[in-house]
Amino acid sequence: MDMMEKLEILTESAKYDVACTSSGSQRSGQAGSLGNAVSFGICHSFAADGRCISLLKVLMTNGCIYDCAYCINRKSNPVRRAAFTPQEIADITMQFYRRNYIEGLFLSSGIMRSPDYTTEQLIAALELLRNEYHFRGYIHVKAIPGADDALLSRLGMLADRMSVNIELPSQDSLRKLAPDKSKQSILQPMGLITNKITENSTELVKYKHAPRFAPAGQSTQMIVGATPDTDYQIMNLTEGLYKKYKLKRIFYSAYTPVVEDSLLPSLDTKPPLLREHRLYQADWLLRFYGFEAKELLDEAAPNFNPLLDPKCSWAINHREQFPVEVNRAPYEMLLRVPGIGVRSAQRIIKARRAGTLDFHALKKLGVVLKRAQFFITCKGRRWKASR
């Protein structure tokens with residue numbers, strides 16, 4: 001099998017993993033080296049579904065010793081198998097970079113022989129890129145659950161971002177669909193990465209040129225729609241992961257049926273893309289808008305309204321807190337108004353120090369009045385009364 005055949009198989013096998021953002025690393029270029037990972041060095045391109053495709057996203061192998069029901073690469077699925085050597089991964093990354101096809105690498109793998117052996121192969125590929133080819137571009141690598149801590153530590157010193165896919169929202173779902181994995185085997189490396197990043201940040205305070213461990217942090221991915229888990233369960237898990245493991249991002253992947261299994265939706269089931277979108281919107285509220293998971297959903301209403309975004313749905317269900325007077329409301333409350341984002345709320349706080357704001361001024365500050373008008377007043381008046 002030649003390199004192009006391998007590349008076709010292993011990029012196709014990697015497309016279901018969406019955790020490939022490339023922000024957060026600040027390694028600059030250097031004389032005698034290739035590439036850089038500063039913010040302006042990573043080109044973000046996006047596919048039609050919004051996924052980042054600025055990196056060469058590839059598996060080292062799609063062969064796997066595990067038999068996860070939802071995975072196209074599970075050992076019992078009769079697909080074409082291929083594997084790159086560490087040297088081939090390094091060579092193809094450099095060739096693509098020199099042709100200006102990519103700005104970095106997203107590298108994952110099926111499990112070859114054992115988690116330790118697979119991690120050793122990933123390390124070998126990254127060591128070639130960093131030490132032999134002097135590649136300083138962005139690298140996102142998947143940590144393999146079950147691998148030895150020492151190997152994961154070495155891997156983190158070579159990568160910009162690491163991720164461990166939590167895959168499914170509950171232990172029960174994991175037990176049914178991925179019997180070779182356990183919640184502990186996933187959370188253990190996640191905790192190790194968190195601790196290593198914290199330790200490294202302390203070292204960098206003392207020693208400016210200390211080696212950096214996964215400077216762009218870590219992320220994870222959850223599959224949505226393969227199991228009966230509710231949005232309420234997913235959001236509670238999301239909140240817990242952000243708090244405990246200080247993740248940079250959690251990605252939600254609408255399940256695309258690729259294999260026939262009695263435990264999974266049928267092959268003619270459409271991916272729940274709208275549900276995925278609502279989860280991303282809610283995730284944004286947790287990260288930047290000061291919401292808690294329990295405010296957005298509860299056991300009585302465990303799933304998001306497909307017709308309304310989560311913020312608007314919350315506002316409608318809490319009409320007693322509105323309207324908000326924009327000239328007096330605290331920043332935290334402005335963030336809860338539909339149509340007012342983080343930047344526009346910051347601009348309102350800054351602008352009202354110089355004078356009283358009206359609706360015309362709000363529009364100039366970036367407020368989406370067609371949504372916000374139902375939840376705010378300016379100088380005590382509603383939008384229609386002020387025109």
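Along the sequence shown, residues are numbered consecutively beginning with 1.
- Counting only heavy atoms from C-beta outward, the side chains of Leu286 and Met235 approach each other to under 4.5 Å.
- Side-chain contact annotation: Ser201 with Thr198, donor-acceptor N/O pair under 3.5 Å absent.
- Pairing each heavy atom of Ala143 with each of Met162, the nearest pair is CB-CE, 3.8 Å.
- Ion pair Glu127/Arg154 flagged as a salt bridge, since at least one NZ, NE, NH1 or NH2 atom sits closer than 4.0 Å to an Asp/Glu carboxylate oxygen.
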TODO: Walk me through it: do Tyr232 and Asp298 pass the test side-chain hydrogen bond (donor to acceptor under 3.5 Å, both in side chains)?
DONE: CA-CA 6 Å; Tyr232 178 62; Asp298 54 35; over 6 Å; no
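- Between Phe359 and Ile376 the shortest side-chain heavy-atom distance falls below 4.5 Å.
- Here the closest non-hydrogen pair linking Ile89 and Ala125 is CG2-CB, 3.9 Å.
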Open item on the list: Go through it in stages, so that I can follow the logic: the residues are Asp67 and Ser76, the test is side-chain hydrogen bond (donor to acceptor under 3.5 Å, both in side chains), and I'd like the CA-CA distance, side-chain angles, deciding distance and then a yes or no.
Closed with: CA-CA 6 Å; Asp67 202 29; Ser76 62; 2.7 Å; yes
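- No more than 12 heavy atoms of other residues, nucleotides or ligands shown are found within 6.0 angstrom of NE2 on His360.
- When the shell of 6.0 Å around NZ of Lys181 is examined, it contains more than 12 heavy atoms from other residues, nucleotides or ligands.
- Taking 4.0 Å as the cut-off between side-chain N and carboxylate O, Arg278 and Asp309 do not count as a salt-bridged pair.
- Val368 and Trp284 fall into different hydrophobic clusters, defined by Ile, Leu, Val, Met, Phe, Trp and Tyr side-chain heavy atoms under 4.5 Å apart, directly or through other members.
- In this structure, Phe135 has its ring center closer than 6.0 angstrom to the ring center of Tyr97.
- Counting heavy atoms from C-beta outward, Ser219 and Phe251 have side chains that approach closer than 4.5 Å.
- Between the side chains of Asn165 and Lys142, at least one donor N or O sits under 3.5 Å from an acceptor N or O.
- Defined by atom type and a distance below 3.5 Å, a donor-acceptor pair is present between the side-chain atoms of Asp91 and Tyr133.
- With a 4.5 Å cut-off on side-chain heavy atoms, Ser163 and Thr220 do not count as touching.
- A salt bridge between Asp172 and Lys176 is present, with a side-chain N of the basic residue lying under 4.0 Å from a carboxylate O of the acidic one.
- Within the 3.5 Å criterion, the main-chain N or O of Pro211 finds a donor-acceptor partner in the side chain of Asn200.
- For the residue pair Gln233 / Ser170, no side-chain donor-acceptor distance below 3.5 Å is found, with atom types taken as modelled.
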TODO: Please step through side chain to side chain contact (heavy atoms under 4.5 Å, CB included) for the pair Val326 and Phe375, ending with a clear verdict.
DONE: CA-CA 10 Å; Val326 293; Phe375 304 96; over 6 Å; no
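- In this structure, Arg319 is not positioned above the aromatic face of Phe322 in the sense of NZ or CZ being under 6.0 Å from the six-membered ring centre and within 45° of the axis.
- A side-chain donor-acceptor contact under 3.5 Å links Arg161 to the backbone of Ala216.
- Atom CG of residue Leu267 and atom OG1 of residue Thr269 lie 8.0 Å apart, to the nearest 0.5 angstrom.
- Enclosure of atom CZ in Arg287 by more than 12 non-hydrogen atoms of other residues, nucleotides or ligands within 6.0 angstrom is indicated.
- Sparse packing is recorded around NZ of Lys196, with 12 or fewer heavy atoms of other residues, nucleotides or ligands lying under 6.0 Å away.
- Residues Leu107 and Ile139 are not in side-chain contact: their nearest non-hydrogen atoms beyond the backbone lie 4.5 Å or more apart.
- Considering every non-hydrogen atom in both Tyr66 and Pro115, the closest pair reads OH-CG, 3.8 Å.
- At a cut-off of 3.5 Å, with distance as the only test, a side-chain donor of Ser173 or Asp229 sits close to an acceptor on the other residue.
- No side-chain donor-acceptor contact under 3.5 Å links Glu12 and Asn62.
- Side chains of Ser266 and Asp268: a donor on one and an acceptor on the other come within 3.5 Å.
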Task: Residues Leu122, Ser109; criterion side chain to side chain contact (heavy atoms under 4.5 Å, CB included); working and verdict - done: CA-CA 8 Å; Leu122 295 173; Ser109 181; 4.3 Å; yes
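- Closest approach of Leu335 and Gly341 over heavy atoms only: CD2-O, 4.0 Å.
- Using a distance-only test at 3.5 Å, with no hydrogens or angles considered, no donor-acceptor pair links the side chain of Asp283 to the main chain of Leu279.
- Cation-pi geometry between Arg336 and Phe291 is satisfied (NZ or CZ under 6.0 Å from the ring centre, within 45° of the ring normal).
- Of all non-hydrogen atoms in Arg371 and Cys312, the two that sit nearest each other are NH2-CB, 3.9 Å.
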Task: Check against salt bridge (Lys or Arg N to Asp or Glu O under 4.0 Å), Glu5 and Arg80 - done: CA-CA 10 Å; Glu5 286 181 290; Arg80 292 180 70 195; 3.7 Å; yes
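- Within a 6.0 Å sphere centred on CD of Glu8, other residues, nucleotides and ligands contribute 12 heavy atoms or fewer.
- Taking the side chain as every heavy atom from C-beta outward, Leu237 and Met222 approach each other to under 4.5 Å.
- Tracing side-chain contacts under 4.5 Å through hydrophobic residues (I, L, V, M, F, W, Y), one never reaches Ile193 starting from Leu152; they form parts of separate clusters.
- Contact check for Pro310 versus Leu285: side-chain heavy atoms found under the 4.5 Å cut-off.
- In plain terms, the two heavy atoms of Leu174 and Lys183 that are nearest each other are CD2-N, 3.5 Å.
- The side-chain heavy atoms of Leu241 and Met190, taken from C-beta on, include a pair separated by under 4.5 Å.
- With respect to Arg130 and Asp160, a salt bridge is recorded, a charged nitrogen being found less than 4.0 Å from a carboxylate O.
- Between the side chains of Asp261 and Tyr70, no donor N or O sits under 3.5 Å from an acceptor N or O.
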TODO: Under the side chain to side chain contact (heavy atoms under 4.5 Å, CB included) rule, what do Gln121 and Tyr117 come out as? Steps first, then yes or no, please.
DONE: CA-CA 6 Å; Gln121 296 301 297; Tyr117 178 79; 3.7 Å; yes
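- At a cut-off of 3.5 Å, with distance as the only test, a side-chain donor of Thr238 or Tyr252 sits close to an acceptor on the other residue.
- Between the side chain of His318 and the backbone N or O of Trp314 there is at least one donor-acceptor pair closer than 3.5 Å.
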Open item on the list: I'd like to know whether Ile65 forms a side chain to side chain contact (heavy atoms under 4.5 Å, CB included) with Ile111, so could you lay out the CA-CA distance, the side-chain angles of the two residues, the decisive distance to 0.1 Å, and finally the verdict.
Closed with: CA-CA 6 Å; Ile65 62 174; Ile111 311 301; 3.7 Å; yes
